[in-house]
Amino acid sequence: MEVSVSGMNVLPESCVAVILSLTSPSDACKSSSVSTVFGSAADSDLVWDKFLPSDYHEIVSKACNTTFLFASKKQLYHLLCNPVLIADGKMSFKLDRPSGRKSYILSARQLSISSSNDPMFWTWKSIPESRFSEVAELISSSRLEINGNIRSKKLSPNTNYGAYLLLKITERAYGLDLIPSETSIEIGNQSFKNTAYLRCQDDKKQRLENLFYSNRKQMMKSRVVKGDERVMSRREDGWMEMELGEFFNGESDEEVKMSLMEIKGHQLKGGVIVEGIEIRPKA
């Protein structure tokens, strides 16, 4: 049975608020223009408390250099839709505005990067375009191994997620295209493996490497798992991203393991700047 808007207007505001709390943040915002009753209910704390993550108190308390001033749960929700640094500035958190689902970025300091504490291979530095105080730049190494993990309970339940390595390729980059890297996602009994190329930005350099190392490239490709050899894409914030994989997050608490590795080619490589790994809901 359909209920008209005029029929809904005879309901107490508290009842309308309960109904709106069962929808989505996007629907609640749209409904505020229907009538005065809907507008008042759509702004109520009862509605927006349902849309806020259950651990929002912890997130707010761990925020770095951010003072949350809000007069309502709706205002707090919209504040959390902007990136917030947490965990001593080593993680970034935000809500997806239309759905309220959570996403995180683990900084390079939150990741396990092989030999990253050896200045012969990696250097840690600050760059203005990063949201974090430090990024890791690969100077030269024959091994590239980057691992990250997060507990699934930190994420929104019953949600499809993707994990993305955030990086830049410098002008001095070399050795990145000779063998594809292996990417993986593991959570519970889910396992996703693929291959990806960290393409250099210099097309001329790519052509030269293809010319001199084409036979070697074909030989080394046989050492890695078969995959669709993904390449990086450019983000709106100026960084590049490489999809590591996707997974479904249910309601149990499990460890999500994410990785990118190139350890089989024994080829020197350098010129990669790692900012972190983003875990965000899939569209």
Side-chain angles (χ1 to χ4, degrees), residues 18-29 46-63 73 76-87 90-108 110-112 145-166 181-196 225-228 230 233 235 241-261 275-283:
V18 170
I19 294 170
L20 292 178
S21 72
L22 300 175
T23 62
S24 69
S26 178
D27 290 335
C29 288
L46 188 154
V47 171
W48 291 93
D49 190 58
K50 292 289 187 180
F51 298 149
L52 284 166
S54 59
D55 59 347
Y56 77 86
H57 290 289
E58 180 183 359
I59 293 166
V60 169
S61 67
K62 291 183 177 180
K73 295 290 181 65
L76 175 59
Y77 177 91
H78 287 292
L79 287 172
L80 292 175
C81 290
N82 299 303
V84 178
L85 288 180
I86 59 175
K90 295 178 182 178
M91 295 176 65
S92 177
F93 167 87
K94 68 175 291 189
L95 293 177
D96 177 63
R97 195 177 298 274
S99 69
R101 295 188 176 97
K102 299 191 285 184
S103 66
Y104 288 88
I105 300 179
L106 312 180
S107 73
Q110 286 285 96
L111 307 178
S112 174
E145 187 171 357
I146 302 170
N147 294 280
N149 61 77
I150 190 171
R151 299 301 305 187
S152 62
K153 68 177 181 180
K154 287 182 173 292
L155 306 172
S156 298
N158 302 314
T159 300
N160 287 308
Y161 274 93
Y164 306 83
L165 180 66
L166 308 185
S181 298
E182 296 177 289
T183 65
S184 71
I185 295 280
E186 293 181 24
I187 173 175
N189 59 5
Q190 298 180 69
S191 179
F192 178 98
K193 295 179 185 272
N194 212 328
T195 55
V225 298
K226 290 186 178 181
D228 53 19
R230 295 180 176 179
S233 58
R235 295 161 54 97
E241 69 177 28
M242 173 64 68
E243 183 173 358
L244 302 177
E246 58 185 80
F247 63 95
F248 177 76
N249 186 45
E251 297 187 357
S252 59
D253 180 24
E254 299 177 296
E255 185 177 26
V256 184
K257 300 177 182 179
M258 306 155 283
S259 72
L260 179 140
M261 293 190 292
E275 188 188 33
I277 292 178
E278 181 175 29
I279 306 100
R280 67 173 187 259
K282 297 281 285 187

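We use all heavy atoms of the structure for the numbers below, so side chains are in, but hydrogens, waters and symmetry mates are not.
Considering Lys62, Arg151, Lys102 in turn, Lys102 is the only one that fulfils the salt bridge (charged side-chain N to carboxylate O under 4.0 Å, His left out) rule with Asp55.
Of the possible polar contacts, one joining the Thr159 side chain to the Pro157 backbone as a donor-acceptor pair under 3.5 Å is found. Side chain of Ser103 to backbone of Pro281: no donor-acceptor contact under 3.5 angstrom is found. Side chain of Tyr161 to backbone of Ser156: a donor-acceptor contact under 3.5 angstrom is found.
Note that the CD1 atom of Ile146 and the CD1 atom of Ile277 stand 7.0 Å from one another [nearest 0.5 Å]. Note: Met261 CE to Ser184 OG = 5.5 Å, rounded to the nearest 0.5 Å. The line from CZ of Phe51 to CG of Asp27 is 8.0 Å long, rounded to the nearest 0.5 Å. Note that the CG atom of Leu106 and the NZ atom of Lys90 stand 12.5 Å from one another [nearest 0.5 Å]. Note that the CG atom of Leu20 and the SG atom of Cys29 stand 10.5 Å from one another [nearest 0.5 Å]. Atom OG1 in Thr183 sits 5.0 Å away from atom CG in Asn194 (nearest 0.5 Å).
A salt bridge links Asp49 with Lys73; the closest basic N to acidic carboxylate O contact falls under 4.0 Å.
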Test side-chain contact (heavy atoms from CB on, under 4.5 Å) on Ile279 and Met258 and set out the steps. CA-CA 10 Å; Ile279 306 100; Met258 306 155 283; 3.7 Å; yes

Report the C-alpha separation of Arg97 and Asn82 in whole Å, then their side-chain angles, then the decisive distance to 0.1 Å, and conclude whether the side-chain contact (heavy atoms from CB on, under 4.5 Å) test is met. CA-CA 9 Å; Arg97 195 177 298 274; Asn82 299 303; 3.9 Å; yes

Could you walk me through whether Leu244 and Phe192 pass side-chain contact (heavy atoms from CB on, under 4.5 Å), step by step? CA-CA 9 Å; Leu244 302 177; Phe192 178 98; over 6 Å; no

Candidate pair Phe248 and Ile187, rule side-chain contact (heavy atoms from CB on, under 4.5 Å), full reasoning: CA-CA 9 Å; Phe248 177 76; Ile187 173 175; over 6 Å; no

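In this structure, His78 and Trp48 have tilted ring planes: the angle between them lies in the 30° to 60° band.
Contact record, Lys282 with Gly162: CG-N, 3.6 Å, taken as the closest heavy-atom pair. The shortest non-hydrogen separation linking Gly245 to Ile185 is CA-CG1, 3.5 Å. Residues Leu79 and Val84 approach most closely at O-CG2, 4.5 Å, considering heavy atoms. Smallest separation of non-hydrogen atoms from Gly276 and Leu111: CA-CD1, 4.0 Å. In terms of heavy-atom proximity, Tyr77 sits nearest to Ser99 at OH-C, 4.0 Å. When all heavy atoms of Leu85 and Ser92 are compared, the closest pair comes out as CD2-CB, 4.2 Å.
Contact annotation: the side chain of Arg230 approaches that of Met242 to within less than 4.5 Å [non-hydrogen atoms, C-beta and beyond]. A 4.5 Å side-chain heavy-atom check between Leu155 and Phe247 finds at least one atom pair inside the cut-off.
Under the side chain to side chain contact (heavy atoms under 4.5 Å, CB included) criterion, Arg235 pairs with Arg131, Leu166, Asp237, Trp239, Glu241, Glu278, Arg280, sequence neighbours left out.
When the shell of 6.0 Å around NZ of Lys153 is examined, it contains 12 or fewer heavy atoms from other residues, nucleotides or ligands.
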